[in-house]
**Q** 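Pasting in a structure now, in structure tokens, and then I'll have a few things to ask.
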Amino acid sequence: MNDASRRKERSAQTGFATSPLDRRADLRDRPDEVAELRARSDARFTVVAGETPILLRTGAETQTVWFDESGADGLGPALDEVFLGLDPAGAPRFGRLIDRELLEGLREQAVLIVSDLRSVALKRLVPKEELGPLGEAKALLDWHARHRCCAQCGAPTKLGSAGWKRQCEACGAQHFPRTDPVVIMLAVRGDNCLLARQARFAPGMYSCIAGFVEPGETFEDAVRRETWEEAGLRTGTVRYIASQPWPFPGSLMIGCIAEALNDDIVLDGTELEAGRWFSRAEALQMLEGKHPDELFCPPHMAIANTILKAWAVDGEEP
């Protein structure tokens with residue numbers, strides 16, 4: 001698919017969803033070639049301390065995720081390093097994990113910005129073309145940090161395939177990065193949609209409901225199950241709208257619109273603090289930040305915003 005076609009996809013409008021990098025999976029098991037790429041003067045590194053990205057100031061109001069090798073080395077020793085791919089000019093790009101205990105010292109350096117990943121995306125702290133590779137690096141490095149030992153025998157594992165697997169030298173098991181599928185859905189009935197909120201949400205924010213896909217389950221059936229469990233709504237037709245990589249720590253959000261078959265909402269009080277039907281007019285007000293009760297929906301970078309806009313603005317139906 002060419003770049004022009006990709007930009008038309010709703011998925012491409014969400015945060016972390018697009019990347020200019022050619023991942024070059026064919027190079028991952030060629031350590032000599034990866035080493036040659038890493039040694040090039042145009043190689044660049046994005047650095048994460050624990051779960052926190054480190055940004056480099058490039059101007060009064062601009063910053064980048066990319067450091068040259070000496071700049072990356074100056075942040076601290078690498079715990080893990082992964083090959084992310086090649087940029088459009090063929091320049092190598094890598095991700096590097098450093099110890100979270102270095103964060104306080106890094107915050108004191110005026111040339112750096114230390115910010116959580118959500119804020120980087122929400123505040124548009126880096127160019128859009130850098131956000132995808134940053135999310136890729138953060139998710140992959142977080143997986144490495146959580147999988148130091150073999151799930152089969154418990155022995156320590158070793159990074160392999162330029163960062164795209166871990167190898168157990170004790171039992172020979174190979175472990176590969178995981179992505180957890182999550183359905184996120186807008187249940188609609190006539191000219192109304194269901195929006196709900198969790199206690200952890202900012203005051204006034206309502207969103208789509210969501211839940212993990214379980215083993216042996218299609219994403220359509222996951223939508224139906226979660227809509228029933230969380231809101232007491234039976235669901236008919238389920239229509240896929242868009243997806244979004246969500247590196248918190250490593251999910252794929254599968255966005256859908258679902259046909260609600262009944263009106264009565266019975267909320268799961270454990271999962272949700274509040275929820276109700278919103279009219280299409282209210283949904284438009286929330287998207288525009290003009291709701292009379294100061295209610296609002298998730299921001300531009302979240303797939304919930306994309307799904308709500310597809311229904312309220314574009315007229316998409318199940």
Side-chain angles (χ1 to χ4, degrees), residues 16 19-40 42-54 65-87 90-103 117 132-182 212-216 243 245-253:
F16 311 108
S19 172
L21 301 187
D22 180 351
R23 297 193 178 206
R24 290 301 303 270
D26 59 302
L27 295 175
R28 294 172 185 170
D29 289 312
R30 303 179 192 174
D32 291 343
E33 293 185 42
V34 173
E36 289 178 5
L37 290 171
R38 192 188 179 288
R40 283 171 42 171
D42 59 350
R44 296 293 181 269
F45 303 79
T46 184
V47 181
V48 180
E51 297 179 355
T52 305
I54 310 301
V65 306
W66 300 120
F67 293 80
D68 61 20
E69 185 176 11
S70 63
D73 288 344
L75 301 178
L79 302 178
D80 287 305
E81 192 172 280
V82 297
F83 173 58
L84 301 177
L86 305 178
D87 78 359
R93 295 291 182 258
F94 295 84
R96 182 180 289 191
L97 178 69
I98 62 174
D99 197 314
R100 68 178 70 245
E101 294 186 2
L102 297 171
L103 281 171
L117 186 57
L134 176 59
E136 174 190 352
K138 191 267 183 186
L140 184 55
L141 291 167
D142 187 271
W143 176 81
H144 280 290
R146 295 169 186 262
H147 292 79
R148 300 298 190 194
C149 295
C150 178
Q152 183 163 291
C153 74
T157 57
K158 181 180 178 181
L159 184 148
S161 294
W164 289 89
K165 75 175 181 183
R166 295 193 74 86
Q167 179 82 38
C168 178
E169 297 182 332
C171 72
Q174 295 182 335
H175 305 280
F176 297 90
R178 59 178 292 172
T179 296
D180 299 317
V182 176
F212 286 98
V213 180
E214 295 186 347
S243 63
W246 193 243
F248 302 100
S251 296
L252 177 67
M253 308 297 287

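Please read all numbers here as calculations on a predicted model, not as lab measurements.
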**Q** Which heavy atom in Leu37 sits nearest to a heavy atom in Ala43, and how many Å separate them?
**A** O-CB, 3.7 Å
**Q** I'd like a table of donor-acceptor pairs (distance under 3.5 Å, sequence neighbours excluded) in which one partner is a side-chain atom from residues 80-87, with atom names and distances.
**A**
{"from": "Asp80", "atom 1": "OD1", "to": "Arg148", "atom 2": "NH1", "distance (Å)": "3.3"}
{"from": "Asp80", "atom 1": "OD2", "to": "Arg148", "atom 2": "NH1", "distance (Å)": "2.5"}
{"from": "Asp80", "atom 1": "OD2", "to": "Arg148", "atom 2": "NH2", "distance (Å)": "2.8"}
{"from": "Glu81", "atom 1": "OE1", "to": "Arg38", "atom 2": "NH2", "distance (Å)": "3.3"}
{"from": "Glu81", "atom 1": "OE1", "to": "Arg96", "atom 2": "NE", "distance (Å)": "3.0"}
{"from": "Glu81", "atom 1": "OE1", "to": "Arg96", "atom 2": "NH2", "distance (Å)": "3.0"}
{"from": "Glu81", "atom 1": "OE2", "to": "Arg38", "atom 2": "NE", "distance (Å)": "2.5"}
{"from": "Asp87", "atom 1": "OD1", "to": "Ala89", "atom 2": "N", "distance (Å)": "2.9"}
{"from": "Asp87", "atom 1": "OD1", "to": "Gly90", "atom 2": "N", "distance (Å)": "3.0"}
{"from": "Asp87", "atom 1": "OD1", "to": "Ala91", "atom 2": "N", "distance (Å)": "2.8"}
{"from": "Asp87", "atom 1": "OD2", "to": "Arg93", "atom 2": "NH2", "distance (Å)": "3.1"}

**Q** Taking atom types as modelled and ignoring hydrogens, do the side chains of Asp29 and Ser161 form a donor-acceptor contact shorter than 3.5 angstrom?
**A** yes
**Q** Would you mind reporting whether Met253 and Ser243 have side-chain heavy atoms less than 4.5 Å apart?
**A** no
**Q** Within a strict 4.5 Å, meaning less than it, do heavy atoms of the Leu159 and His144 side chains meet?
**A** yes
**Q** Does a side-chain heavy-atom distance below 4.5 Å link Lys138 with Trp143?
**A** no
**Q** Please round to the nearest 0.5 Å and tell me the distance separating atom CG of Leu75 and atom CG of Asp99.
**A** 13.0 Å
**Q** Decide yes or no for Phe67 and Val47: does some side-chain heavy atom of the first lie under 4.5 Å from some side-chain heavy atom of the second?
**A** yes
**Q** Should we count CZ of Arg40 as having more than 12 external heavy atoms under 6.0 Å?
**A** yes
**Q** Considering non-hydrogen atoms only, spot the tightest contact between Ala145 and Leu97 and give its length.
**A** CB-CD2, 4.1 Å
**Q** Given side-chain contact (heavy atoms from CB on, under 4.5 Å), test Phe248 with Asp142 step by step and report yes or no.
**A** CA-CA 9 Å; Phe248 302 100; Asp142 187 271; over 6 Å; no
**Q** Any chance you could lay out the ring-ring contact (aromatic ring centres under 6.0 Å, His included) test for Phe45 and Phe94, step after step, and finish with the verdict?
**A** CA-CA 5 Å; Phe45 303 79; Phe94 295 84; 5.5 Å; yes
**Q** Decide yes or no for Arg44 and Asp68: does some side-chain heavy atom of the first lie under 4.5 Å from some side-chain heavy atom of the second?
**A** yes
**Q** Is any side-chain N of the basic residue among Asp180 and Arg178 closer than 4.0 Å to the acidic one's carboxylate O?
**A** yes
**Q** Which heavy atom in Leu141 sits nearest to a heavy atom in Gly95, and how many Å separate them?
**A** CD1-C, 4.0 Å
**Q** Give the minimum heavy-atom separation between Asp42 and Pro92, together with the two atoms involved.
**A** OD1-CD, 3.4 Å
**Q** So, Arg28 side chain and Arg24 main chain: donor-acceptor pair closer than 3.5 Å or not?
**A** no
**Q** Could you state the interatomic distance from CG (Asp32) to CG (Leu27), rounded to the nearest 0.5 Å?
**A** 12.0 Å
**Q** May I ask you to test the Phe212-Pro181 pair for a side-chain heavy-atom distance under 4.5 Å?
**A** no
**Q** For residues 168-176, which side-chain N or O atoms pair as donor and acceptor with protein atoms under 3.5 Å away, sequence neighbours left out?
**A**
{"from": "Gln174", "atom 1": "NE2", "to": "Gln167", "atom 2": "OE1", "distance (Å)": "3.1"}

**Q** So how far is it from Thr157 OG1 to Lys165 NZ, rounded to the nearest 0.5 Å?
**A** 12.0 Å
**Q** Do Phe16 and Pro247 make a side-chain contact, defined as non-hydrogen atoms from C-beta onward lying under 4.5 Å apart?
**A** yes
**Q** CD1/Ile54 to OG1/Thr46 distance, rounded to the nearest 0.5 angstrom?
**A** 9.0 Å
**Q** Atom CZ of Arg100 and atom CG of Leu103: how far apart are they, to the nearest 0.5 Å?
**A** 7.5 Å
